[in-house]
Amino acid sequence: MSTVHPPDSDGGSESPVTAHNVDLSNCDRELIQYSGAIQPHGALLVVQEPALRILQASANAEALLGIAAEALRTQDVAVVLGAEPTQVLQARLARETLTRGPVYVLRVRPPSSQREVQVFAHRSDGVLLLELEVIPPEAPTPLSDLYAELQGCIAQLQDTPSLQAFFDLAVGQLRRFTGFDRVMAYRFDEDGSGAVIAEAVRDDLEPYLGLHYPASDIPAPAKRLFSLRWLSHLPDADYTPVPLVPELNPSTGQPLDLSHSFLRSVSVMYSAYLRNMGVKATLVLTLLKNGRLWGLISCMHHAAPRHVPYEVRVAVEFLAHLVSLLMAAKEEAEQYEYRLKLGATLDRLVEAMAQAPTFHDGLVRPATNVLTTLDAHGAALVIGDRVTLLGQTPTEAEVAQLAAWLAGRPEPVFATHHLAGHYPPAVRFTAQASGLLAARLSRTQADSVLWFRPEVIQEVHWAGDPRKPVEVSEEGGEVRLMPRTSFALWQETVSGTSRPWADCERQYAADVRRAVLEVIVGQAEALSRLNRELEQSNVELDAFAYVASHDLKEPLRGIHNYAHFLQVEEAGRLSAGGQARLETILRLTQRMDDLIDSLFQYSRVGRVELAFHQVALQDVLTQTLDLLRAHLEDGGVIVRVPRPLPVVACDRVRVAEVFNNLLINAIKYNDKTERWIEVGYEDTDPPVFYVRDNGIGIAPEDTEQIFQIFRRLHGRDAYGGGSGAGLTITKKVVERHGGRLWVVSTPGEGSTFFFTLAPGGGRVWPRTPCQSSG
Ligand code: ADP
């Protein structure tokens with residue numbers, strides 16, 4: 001143990017400890033409770049009950065009690081204490097078990113001694129241990145003063161706003177209370193390492209605040225002894241241990257278990273270590289949380305040995321109890337507050353995700369984002385190829401690779417404080433991300449939210465100068481363990497690790513994940529609902545178009561007929577203007593009839609059952625061209641068919657409509673003097689048919705709208721006029737076959753309409769930027 005010394009950490013081992021084997025884990029095996037010696041500020045009597053016969057005595061019995069240790073063997077305790085005090089003791093022994101450590105019994109001046117002692121008793125190992133402590137010469141502090149002091153301390157401690165403030169105050173108070181030169185609060189981490197978290201120190205002494213120590217620094221036996229008692233006191237670090245006489249318990253032949261003895265001698269190495277640090281006296285308080293060792297408060301005195309009287313020790317011990325209780329409550333309150341804040345942040349994120357255009361935007365807003373409350377230095381959001389970084393993080397590429405690696409892991413929430421141990425490439429960015437907390441947002445993809453914690457060394461702010469070389473020296477074979485040595489050792493042991501993630505932080509990651517998934521699922525549901533509604537309204541529209549076109553026909557025919565009758569029957573009586581108006585009515589009704597026909601045709605395409613047969617498309621094409629012969633001849637159009645079209649499964653009548661529409665357009669939308677049309681197909685699966693012309697072409701921005709119903713790119717009567725329904729109907733026919741219709745065109749040079757008559761086709765052929773897929 002190096003800096004904050006456990007009072008009972010007997011670090012001694014058989015092989016000499018040097019600066020190179022300073023790891024004190026070898027102490028873990030040492031049975032330090034069997035030291036067989038005590039400190040000289042008291043005497044120890046080992047007594048056999050019920051006769052109260054002395055079995056062993058400390059070698060200083062003569063000096064303190066006036067009778068040599070050897071002479072005390074087999075004597076009655078009354079020889080030392082006197083008859084009356086022995087009766088008081090006996091009464092106490094009859095009442096209590098005394099197995100939980102020394103209790104104060106009485107104050108006595110032994111008949112053969114000039115010095116008053118306080119007697120403490122406890123039972124251990126089948127014997128009674130009486131510790132007789134010399135009363136320090138200073139006048140004891142009146143109990144009433146101690147009580148008032150304590151009251152003040154507790155009230156102030158209760159009012160502190162944070163755990164840090166609490167410890168800052170506690171060490172200050174304890175320093176004032178005990179008069180020690182240095183008081184430090186020392187906290188153990190989950191991994192057993194520790195750090196000085198608060199310190200009150202005499203101005204001229206080097207501060208140790210912020211120093212960290214490896215787990216091996218406080219050996220397990222010392223930790224065990226700390227948990228057994230609230231207070232350990234070493235009044236004089238330069239003491240000479242006092243052996244027991246005889247050395248072994250004569251009734252068992254075994255060394256005595258001194259676990260609970262407050263006089264027990266500490267290891268030579270430990271006292272040597274204190275001497276190296278210039279420490280003359282120590283007082284160590286144990287901090288327990290839920291029965292487990294949480295930390296220590298260590299008081300050191302540099303000026304001179306310092307024997308803290310029992311009365312003050314009681315008060316300080318009481319304070320240690322209270323500090324432990326208050327600290328546990330404070331820590332819990334802090335954690336609770338942190339959890340509340342995380343919860344509030346989550347609520348705000350959910351709200352932001354609902355308001356933002358995408359959930360991604362909701363999670364990375366500057367005001368509140370995934371990094372807002374969580375105790376991490378950086379975060380990243382990976383959605384598809386997009387990596388968004390917040391705070392201190394690895395590079396975008398490193399984060400993307402990390403997310404891809406995470407996608408292969410089974411757990412939805414992954415947390416580690418030593419990432420490189422799981423993912424070796426992380427050694428390159430331990431400074432930013434030794435710790436990783438990650439929530440996966442997708443089962444199959446790398447989409448995830450990641451939080452990063454830096455290497456713990458990066459986070460340590462030490463009050464001392466960290467560049468100052470480590471103070472390790474061996475003088476005359478004596479080891480000098482110094483705080484900085486431990487700090488360096490600790491740095492080695494924690495390289496590549498971060499502070500661990502708390503349970504509530506893992507829970508937060510899981511909550512963020514759930515919230516995002518809910519938003520994603522919600523959006524998907526809304527989309528599919530919209531699709532269903534759209535589908536439904538399409539069906540209704542189809543039905544409406546069918547009925548409307550059907551029913552509109554009749555009145556329209558009536559208007560047309562009556563207008564026609566008027567024209568014929570009233571020919572002589574109508575003015576020229578009236579005649580012209582009648583002709584307009586007739587032209588408009590004709591036009592409306594055409595439109596209704598198109599609508600009717602369109603809605604019918606959606607409704608009729610297709611009759612699939614093996615159809616020789618070459619025949620269909622030939623017949624269609626025959627029907628269009630007059631048109632073709634009028635326009636002087638040459639039709640080329642490089643090779644006969646194949647036989648495919650399709651609805652013959654409907655596919656004839658497709659050729660008809662595409663050919664009519666190819667004839668119409670051409671202003672060249674030498675016009676041609678080419679009809680052919682590509683040997684793909686399914687085959688891609690095409691109708692190509694050298695006509696006016698279509699601008700890229702128009703290639704979408706030509707497939708919309710009643711959309712024309714030209715004036716109503718330009719290029720021979722048209723209703724703007726032809727391509728819409730063609731597209732629908734093709735789609736009913738499971739195929740696709742699209743166009744590739746260059747304005748001024750011509751267009752090629754492609755279509756397939758079956759689903760699939762691995763190759764999208766041919767596509768150019770100005771195409772439009774059907
Ligand atoms: P329309 O009855 O007006 O021809 P379509 O639905 O068949 O209606 O065509 C929609 C529009 O697409 C047409 O108005 C025309 O502007 C354009 N179009 C169709 N085919 C061609 C083509 N082969 N060349 C150039 N433009 C075309």
Side-chain angles (χ1 to χ4, degrees), residues 542 545 549 587-588 590-606 621 624-625 627-628 630-632 634-641 654-681 688-736 739-755 766 768-774:
D542 251 13
S549 51
R587 209 179 56 247
L588 288 176
Q590 184 57 53
R591 173 146 196 82
M592 189 148 172
D593 195 48
D594 287 350
L595 286 173
I596 290 173
D597 274 347
S598 304
L599 195 63
F600 183 70
Q601 222 185 334
Y602 174 74
S603 65
R604 213 183 43 179
V605 172
L621 176 64
T624 312
L625 287 172
L627 289 174
L628 294 173
H631 271 75
L632 290 163
D634 281 354
V637 183
I638 295 164
V639 177
R640 299 198 297 250
V641 182
R654 301 276 91 84
V655 173
E657 276 171 30
V658 170
F659 279 113
N660 189 57
N661 282 340
L662 294 178
L663 285 167
I664 285 181
N665 282 349
I667 297 166
K668 276 201 297 190
Y669 299 108
N670 198 327
D671 52 5
K672 305 274 167 29
T673 40
E674 286 183 10
R675 307 176 188 189
W676 55 258
I677 297 174
E678 183 179 306
V679 183
Y681 72 100
V688 174
F689 302 96
Y690 64 86
V691 174
R692 181 170 295 143
D693 62 53
N694 65 336
I696 57 170
I698 303 161
E701 63 272 19
D702 294 329
T703 51
E704 288 291 337
Q705 28 173 329
I706 57 168
F707 295 100
Q708 290 166 11
I709 195 157
F710 301 141
R711 287 298 279 274
R712 289 185 316 241
L713 299 181
H714 312 98
R716 202 176 54 212
D717 299 319
Y719 299 101
S723 65
L727 282 179
T728 319
I729 291 165
T730 307
K731 186 174 163 225
K732 192 142 190 176
V733 170
V734 165
E735 281 174 358
R736 293 270 339 249
R740 297 189 304 121
L741 169 69
W742 70 98
V743 65
V744 174
S745 179
T746 310
E749 286 182 20
S751 313
T752 307
F753 282 84
F754 296 96
F755 65 94
T768 70
C770 62
Q771 63 145 60
S772 170
S773 68

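Order of listing sets the numbers, starting from 1, for every ligand and every atom in it. Values reported hereafter were calculated over all heavy atoms of this structure, with side chains retained and with hydrogens, waters and symmetry mates removed.
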Considering only non-hydrogen protein atoms, determine which one is nearest to [atom] and report residue, atom name and distance to 0.1 Å.
| atom | result |
| --- | --- |
| atom 8 (O) of ligand 1 | Gly724 CA, 3.1 Å |
| atom 10 (C) of ligand 1 | Arg711 O, 3.5 Å |
| atom 27 (C) of ligand 1 | Tyr669 CD1, 3.6 Å |

Which of the numbered atoms in ligand 1 are under 4.0 angstrom from any heavy atom belonging to [X]?
| X | result |
| --- | --- |
| Gly697 | 25 (C) |
| Lys668 | 1 (P), 2 (O), 4 (O) |
| Ile706 | 6 (O), 10 (C), 11 (C), 12 (O), 17 (C) |

So, regarding Leu727 and ligand 1 (criterion: nitrogen or oxygen to nitrogen or oxygen, under 3.5 Å), is there a contact or not?
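Yes, there is a polar N/O contact under 3.5 Å.
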
For Ile638, does the CD1 atom sit with more than 12 other heavy atoms under 6.0 Å from it, leaving out its own atoms?
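12 or below, so no.
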
Mark yes when over 12 heavy atoms from residues, nucleotides or ligands other than Glu701 sit less than 6.0 Å from its CD; otherwise mark no.
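Yes, enclosed.
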
Indicate the ring-plane relationship of Trp742 and Phe754, choosing parallel, tilted or perpendicular according to the 30° and 60° boundaries.
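Taking Phe754 first and then Trp742, their aromatic rings lie parallel (interplane angle under 30°).
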
Phe689/Val658 under side chain to side chain contact (heavy atoms under 4.5 Å, CB included): CA gap, chis, key distance, verdict:
CA-CA 11 Å; Phe689 302 96; Val658 170; over 6 Å; no

With a 4.0 Å cut-off on heavy atoms, is Gly695 in contact with ligand 1?
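For ligand 1, residue contact (heavy atoms, under 4.0 Å) with Gly695 is absent.
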
Mind checking side chain to side chain donor-acceptor pair (under 3.5 Å) for Arg654 and listing every partner two or more places apart, or none if nothing turns up?
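Arg654 satisfies side chain to side chain donor-acceptor pair (under 3.5 Å) with Glu657 only.
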
Proximity of [X] to ligand 1 by residue part, where a heavy atom lies under 4.0 Å:
| X | answer |
| --- | --- |
| Ile696 | side chain |
| Phe753 | side chain |
| Ile698 | side chain |

Under 3.5 Å, is there a donor-acceptor pair between the side chain of [X] and the main chain of [Y]?
| X | Y | result |
| --- | --- | --- |
| Lys672 | Gly748 | yes |
| Asn661 | Leu727 | no |
| Asn694 | Gly750 | no |

Would a 4.5 Å heavy-atom cut-off, applied to side chains only, mark Leu628 and Phe659 as touching?
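No - every pair of side-chain heavy atoms lies 4.5 Å or more apart.
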
Going by the closest heavy atom to atom 19 (C) of ligand 1, which one wins out of Ile664, Asn665, Thr703?
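The nearest heavy atom belongs to Asn665.
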
Which residue from Leu662, Asp693, Leu663 reaches closest to atom 23 (N) of ligand 1 through any of its heavy atoms?
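Answer by nearest heavy atom: Asp693.
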
